[in-house]
Structures are given as C-alpha cells and as structure tokens.
Protein chains: 4
Amino acid sequence: MCYAHPVTTATSAPLASRRSERSRLAILDAALALCAEQGYANLSVEAVAARAGVGKQTIYRWWPSKGAVLLDALVRESAPHAPIPDTGDVVADLGTIVLSVIELFTHPDFGPHLAALIGDAQRDPALAPALLEHFIRPRRAPIAERLQRAQRLGQLPASLDVDAVLEVIFGALYHRLLLRNGPLDPAYASFVVNIVLSGCSATQTKRRSRRRLEADP
Amino acid sequence: MCYAHPVTTATSAPLASRRSERSRLAILDAALALCAEQGYANLSVEAVAARAGVGKQTIYRWWPSKGAVLLDALVRESAPHAPIPDTGDVVADLGTIVLSVIELFTHPDFGPHLAALIGDAQRDPALAPALLEHFIRPRRAPIAERLQRAQRLGQLPASLDVDAVLEVIFGALYHRLLLRNGPLDPAYASFVVNIVLSGCSATQTKRRSRRRLEADP
Amino acid sequence: MCYAHPVTTATSAPLASRRSERSRLAILDAALALCAEQGYANLSVEAVAARAGVGKQTIYRWWPSKGAVLLDALVRESAPHAPIPDTGDVVADLGTIVLSVIELFTHPDFGPHLAALIGDAQRDPALAPALLEHFIRPRRAPIAERLQRAQRLGQLPASLDVDAVLEVIFGALYHRLLLRNGPLDPAYASFVVNIVLSGCSATQTKRRSRRRLEADP
Amino acid sequence: MCYAHPVTTATSAPLASRRSERSRLAILDAALALCAEQGYANLSVEAVAARAGVGKQTIYRWWPSKGAVLLDALVRESAPHAPIPDTGDVVADLGTIVLSVIELFTHPDFGPHLAALIGDAQRDPALAPALLEHFIRPRRAPIAERLQRAQRLGQLPASLDVDAVLEVIFGALYHRLLLRNGPLDPAYASFVVNIVLSGCSATQTKRRSRRRLEADP
DNA sequence: AGTTAAACGAGACGGTACGTCAGGTCTTACA
DNA sequence: TGTAAGACCTGACGTACCGTCTCGTTTAACT
C-alpha cells in the first residue's frame, strides 16, 4: 500500500513481508487524527509514532517522510469516490464531477491537508511525483476518459489534449485551494467548467492565433 | 517596505522609524543569495542573520517569518516588469503577457522560490494573504485592466468576470509550477490562453448550462 | 553615591555633575522593587530601565552592572542600623549585634538579595571588592571597635586579631545564609558567639598547638 | 552517578539505563576544561555540548543546569581525598584536615569553580541542596566522626553539636573563599581551628551567657 | 517444538533551527 | 549635554524534531 518502498501489495506475496498491518493502520490513523487536530504543520513523525504507539523507526522503515504517510492516509480515506457520470451532456457531467471535487477540497479534513501536501512537495522533491502518481493521476484518468468519449461522439474536437484541458480546469480549482483568493463554491465551479469547455469547442476556429503565439520567442 | 508590520511607508512619517536601511537591504540580499544557493527549504532565519551580519532579533523585529523576508525580497527583485502590451489583439497580448510570466516562473532564481513560498503559505496562515496582496494582486491588476479595455471595445463579453478569467489562466500556470506534471513552455501558454479566451467569447451562448449547474446541489 | 565610577560623592563637587537625581533614585527604587517581586535572578538592567522610566544607557553610564545597582540600593536601604551596644558584657553585646544581623539576613527583602549579590560577585570580579568596601567593612568596623574596647579593658586578649574573629563569626552566619543547611535563628547566633568568644579568651593558653600547626607543611 | 535525575546507581539495575557512558564522561571533561579555560561565568551548556561533541539535549536530559554538570564533574574530580587523620590530638588533626581543605580551595582549578557554584546556587534553588548533599555533607561527615570520637574520649564536651562546630570552622573558610578579604593560608587555617576548638572546650563554663542570649527576643 | 531472523516498541544519540531573552553599544530627538 | 527611547549585534537559552542507532522483545516462517 505504500507507494515509496518496493513492498508487495499484500495480495499473494509468497515470501510475505513481516510488516505489521496493525502498526501500518495505527500510523495512518494517527497521522490523520493529528493532522485534523493540529494541522499538517504541527504534524511530526515523532508525534505520529507516539500517538500510534509505534517506534519512530517503524515509520521511517516504510515511509520516507511525514508527507508520504499522510499521502497514503489521504489516498486511503478518499479512495471510494463516486463513479464518473455520463448523461450524454459532457458539460453537465463535468460540472457534476467538479462539484464533487470542490466538495472534497472544501472538506475541513481534506482540503487543508491536500494543500499542505502540495506545499510540502515544494521542499520535498519526492513528494510531487508521489502526489501525481498516487492521488492526482488515478483520479484524473477516468475524467479524461469521459472527455475522450465525448471526443469520439464529436462533442469535443478530436485534436483536443484532454489532459491539458483538465489541467486548466483543476488548475483553477487548486489556485483557489492554495491561494485562497475567493471561495471554492459551485458558482466558481460552473464558471470554470463553462468557460473551459466552451473554449474547447471554439478552439478550432482560433487555431491561427495559437500558432502565432507558438512561433513567438 | 515591509508588509507585515505597521511601519509607515516612508511618506510623511514625522517620527521616522529608526530602522536601519543597511540591515534591511543586507537581510533581503542574504535571503535571496541563500535561497539561490541552497533553496528555500534550507533557508533559515539563523543563516540569513549570519549571512547578513545581523542579529536574529533584527529579522524577527521586522518580519514575522522567513517566508515574509523572501516575499519582500522577491517583490523587490521582480518589481520592474515589462509594461502591459496593447496591440489591439487581446489574445495576442495575453499570449505575450503569459509568455513573460512563464519566463519568470521558469527562471531558476524565481520559479522555485515562488513555488516554495506558496508551499509555505499552506502552513503559515499569514503568508497567503501577504502573497496575494504584495505579489499576485499588484501584478494581476494591470492585466485585468487590459481585459477590461477589451470588454469596452466589445472584444470580450461585458458581463465577464475578468478576475476569474485570470484565475483560470494563472491557475493553469501555477498548476504546472507546483505539481510539475509537464513543462511550463510556450506551447502550454498558448494552449491555455487560447482555450480560455475562446471560452470567454463563446460563454454567452452557453449561459443555460451554466445556470443549470448552479442550480444543481 | 555610586562606588564604581569616579563620580564625586555630592559633597564638595565644585562643578557638580549634571547627573539626574530623579533618575538615580528611580533606578534604585526600581531595582529594589523588581528584586523583591521576582528575585535577583530575574532582575535585568533592561527591566530596571523600563520600570524606572529610564534609558538603559543611563544605568550603564553610572553603574557597571546590575549587581552594582542593587548594592547601592541595599546600602541605602540598610544604612541606618542600630548603634553598637556597650553594656560592659562583650559576649552579651556581640550576641545582641549578631541577633540584629540575623534579623537582617532573614528578612525576605534583604537576605536573599545579599546572598544573590555575593553569588554574583563570584562571576563579576568587580563586585566582591565593592561589596567589601561599601557594605561589609563599614558595618563591621564599629563592631571591631567594640571588641577592641574589650581588649583595652582586658576582657579579651590584646594580641587577638579582632577582624579575623569577626570573620569567623560572620563566616558562620554567611555559611547558613548561602548554603541554607540550617536555620539562621537565635540559637545558632548564640552558639556561634559563645563558642568563638570563648575561644578568644582561651586562645592564650592554646598558643603552643597553634604554633605547631603553623609549622606544619 | 548524576544526582538530579532518578537514575539507578549502577548497582543491581536489571534493565540498565541506555545512557551513554562515553557521552557522560565527555560532558564532564568538557565542563571542567572549559571552566578551567574561561571560568564558570563563561561556561555555557552550548559550549559544553560543542566541546564534548554531544547534542545539547543529551546534557539537558541528564542534568538540570550547567551548575549540576559542573558539580558532578567537581565531585568526580575531588572524590579521592585523603583519609581523616587520627593522631589522638584533635586540634592537630583538625588543623591537618583544614590545611588540606584550603589547599583544595586555593587550587586554581577548584576554588573558583566551587565559589562560582555556591554563587550560582543563589539563583538556582535546586543547586544549593545538591551542593550540600553531594559535595559538602559527604566530605564533612567523616570529619564530624573524628570530632565525635574526641567527644567519646572526653577531649571535647559530649553536649557539643559537632556539625555546628564544623559549620563555624568551614564558614570561616568559605567566607574568605567567597568574599576574598584576606588570604586562605595556613595561618588563617590554624587561627580558625584554634579559636573554635578552644571555644569548644571552654564552652561548658560559658553556658549561662548562652542561655541568656537565647532568651533574648 | 525449537530455531532464527525480521520487524517491532522504546528511546538515547548528534544535530539544526527555532523563537526569546538579555547583554552592552550606538544613534536619534527632546529638553 | 544629559536623557529617554529603542534599534542594533551578539550569544546563550531551553525546546522541538530530525533521522540514525542501538537495545531487548515479539512474532512468524522454516527447520
């Protein structure tokens, strides 16, 4: 379950690691609890170990940093998310999805921790890739598929880079999550979805100016 | 000049603060130099004080944190930026602006520090507002004005919230700056500008779906 | 009044120092007050200056250390002590004197401060001589005279070094003041006076063993 | 070996503390060395830690203050003292003992440190009891026994409080150690021993005046 | 069932930096 | 010019955690 060490994922490991599941869960729980109580900034490996009734070494053995622990915990916590809707209306479906995202982002036990994790990734070089691989990409992939389905149905230009589109949409959400210059509310969500998906449809006719820009130094 | 303490800004202060300009500059220079050499993560008030030949107390007297010091230094450093272009073509002009922004973001002595500052703002509650007020808003304001000029000329819908538009555009840039899932290059810049400004123009006709989303729970 | 700087002591200064008497008294009062409230350990030049409404420099200008300030203050405070009794009975008179000394030593606003001052003298080389000259010797001198009067009357051996005798007596008192291994009470006072003055009278007959000791390596 | 923490003293500790003997000795050595070089006043936990190649926490873990460290070091250093002499002549023996004490007190690597420790005990309430228990009482006890032996032989009054007698003798020595108003030399040593022990023998006949004093207010 | 090797809890260790306190010096403005 | 005020550099404080390193003690697979 831990992303950073080459540990087989529990299932069907012939020479099973002697890792204690009890400790693993206690650590993840302690990390979440402490984070909820005092915030990520005041989280420390020391405190997690104490709270989990675990030696510090046991944490360092399986995770490279406190950020890695919390990432694991958040992934576990937020894993069972709703299925991607497909009503046929791609704008409406994206709106629904983004609404559920801002719900997650504004949850006091999730948004601040995710923000702190991204923050910590600025000083821990290993954390950004881990975040991408274990949190962001797995959740973005099915949304990208939904957009690709729309492409196949001709609802969106086939040439569109859907990953980049999602980056623009989520960029707008993360911007408010991290900078806090405005509320992460449904109005903002629909504004972002509308403007970006409108732009997707209209982008074909704007190709020339795009090329001009690319030629610019 | 310091954003965080109630120091009169030079103008018309009869009982001028006895603050030492020499120390102030030495501290800002030391912060920048150390940050460039070892990165923000390894920056410490202790080291800045030592490098600047200054007592720690002198730093704590005028800034609340190392982040505040670096913010001041970055603002000073990046202050004299190019004027906002106005060729009449709002898409091209935005493209030019965003290009200069990614130039700044990809500069090794700026982008990582800005990213680290935003990161630090996740654990230092005072830093985010300071970043907004002293770095982001002053630089965003003239760009918003450029968009408003385009609105007045009918090049963009009058009802458009230009600040929100800029949040989407810059959100996309910050997303790559902070998560590093792709290069901050001219291609990405033009993609973002085109898709968002296209969406701005087309947004009028999409109003209905937006309203529908807002009505959604 | 200050012992440590070459300031004329008020008397007969032709071109009197422009020193502010108001500040001087405020400083001494503040030192005593702070000492009484929080103890000598927590006394600081900084705090005295603040309490006295005085610049730190004004203190450093006229006293070399916080100990010097407090010494001045204590000397001023404890100056008007009772006259030396002379009933003809030297043992009884010394007893009376020592009783008044332990009264002073056990006074919560004096004993601890004097002890702290002697303590501080162990790290401030200038303080020990100052203590001797301004506090100890002036108070010991009239007692020595009382003993000398007894010598002249034949109540004590003429060869006796009365200053050394007083050192033994006061040494015993200071021992309890500083080490606190027993109460500074009248019983101890009388024990000390009796044993030492008895020893003084008997010392004549013990001369031989003393000489033997002195010859020892 | 440390007086201030409840560490079992080696004997019969089944689950022995994991305390590092290497660090302990390095700390005591460093404290002594620094004290010898720069004096107790300039001694700091910081410097001891650096000199000993030890983390500051390791010092704070086992000692409550720098004074406690030095006390431990001095006790270790001065532990193997000469046996108490018993020639039958109590005055001569006490003289011998006191001579060895002033030898210790006048040693440049001991006297000043002991004085400083007593000085520090005036502001550190925990230090005075520690000094008594770990330095003064253990060294005074066998001397008191010597006096009690003399009492049993009728050389000294049986009613004499020998601890108090030693307080008077040592008080006289500490007085010179701390106030420095005269040399701690053999002449002073023999003067003190003679006068006090003479007083002991003569004290019987002086009982009346003592009682009179005690009745005094 | 006994052996053995890992993972475990506990926590001491050498360090780094924190943010605070006070020391003693220096500068400025007022009286 | 002496003061009140207070900024300045210095250095130590005691604390919090870091990440590493023993210690014995489970604990579970493999003799």
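The basis for the numbers below is simple: all heavy atoms, side chains too, and nothing from hydrogens, waters or symmetry mates. All figures in this text were calculated on a predicted structure; none of them were measured in a lab. Per chain, numbering begins at 1; letters A, B, ... match sequence-line order.
Residue D:Ser20 places none of its side-chain N or O atoms closer than 4.0 Å to OP1 or OP2 of E:dA12. The shortest distance between the side-chain N/O atoms of C:Arg61 and the OP1/OP2 oxygens of F:dG2 is not below 4.0 Å. Contact annotation: A:Trp62 reaches the phosphate of E:dC8 (side-chain N/O to OP1 or OP2, under 4.0 Å). Applying the 4.0 Å criterion to OP1 and OP2 of E:dA7, one finds that A:Ser23 has every side-chain N and O outside that range. In terms of phosphate contacts, B:Thr58 brings no side-chain nitrogen or oxygen within less than 4.0 Å of OP1 or OP2 of F:dA7.
The distance between atom CD of B:Glu21 and atom P of F:dA7, rounded to the nearest whole Å, is 15 Å. Rounded to an integer number of Å, the gap from C:Ile27 CD1 to F:dA4 C1' is 11 Å. Atom CZ in D:Arg123 sits about 11 Å away from atom C1' in F:dC13, given to the nearest Å. Following rounding to the nearest Å, B:Arg19 (CZ) and E:dA29 (P) show an atom-to-atom distance of 17 Å. Whole-Å rounding puts the C:Arg22 CZ to F:dA4 C1' distance at 10 Å. Between the CZ atom of D:Arg51 and the P atom of F:dA12 there is a distance of 14 Å, rounded to whole Å.
Nearest heavy-atom pair, A:Asp109 versus A:Leu74, reported as atom, atom and distance to 0.1 Å: O-CD2, 4.5 Å. Contact record, A:Ala31 with A:Val48: CA-CG2, 4.1 Å, taken as the closest heavy-atom pair. In terms of heavy-atom proximity, C:Ala49 sits nearest to C:Gly55 at CB-C, 4.2 Å.
Judged by distance alone, with hydrogens and angles left aside, A:Arg18 brings no side-chain donor or acceptor close enough to the base of F:dA29 to form a pair under 3.5 Å.
With rounding to the nearest 0.5 angstrom, the CG atom of A:Leu34 is 13.0 Å from the OH atom of A:Tyr40. The distance from the CG atom of A:Leu117 to the CG atom of A:Leu131 is 4.5 Å, given to the nearest 0.5 Å. Here CD1 of B:Ile59 is found 12.0 Å from NZ of B:Lys66. Values are rounded to the nearest 0.5 Å. Atom CG of residue C:Leu71 and atom NE2 of residue C:His134 lie 7.5 Å apart, to the nearest 0.5 angstrom.
Along DNA chain F, the nucleotide closest to B:Gly53 and the one closest to C:Gly55 are compared, and the more 5′ of them pairs with C:Gly55.
Where the helix from E:dA1-F:dT31 to E:dA31-F:dT1 starts and where it ends, the local axes point in directions that differ by 10°; five pairs per end, rounded to 10°.
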Check nucleotides 16-18 of chain F for protein N or O atoms closer than 3.5 Å to its own N or O atoms and list the pairs.
| unit_1 | atom_1 | unit_2 | atom_2 | d |
| --- | --- | --- | --- | --- |
| F:dC18 | OP1 | A:Val45 | N | 3.2 |
| F:dC18 | OP2 | A:Val45 | N | 3.1 |
| F:dC18 | OP2 | A:Glu46 | N | 3.0 |

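Residues satisfying the salt bridge (Lys or Arg N to Asp or Glu O under 4.0 Å) criterion with B:Arg22, sequence neighbours excluded, are absent altogether.
Between the A:Gln122 side chain and the B:Leu178 main chain, a donor and an acceptor come within less than 3.5 Å of each other.
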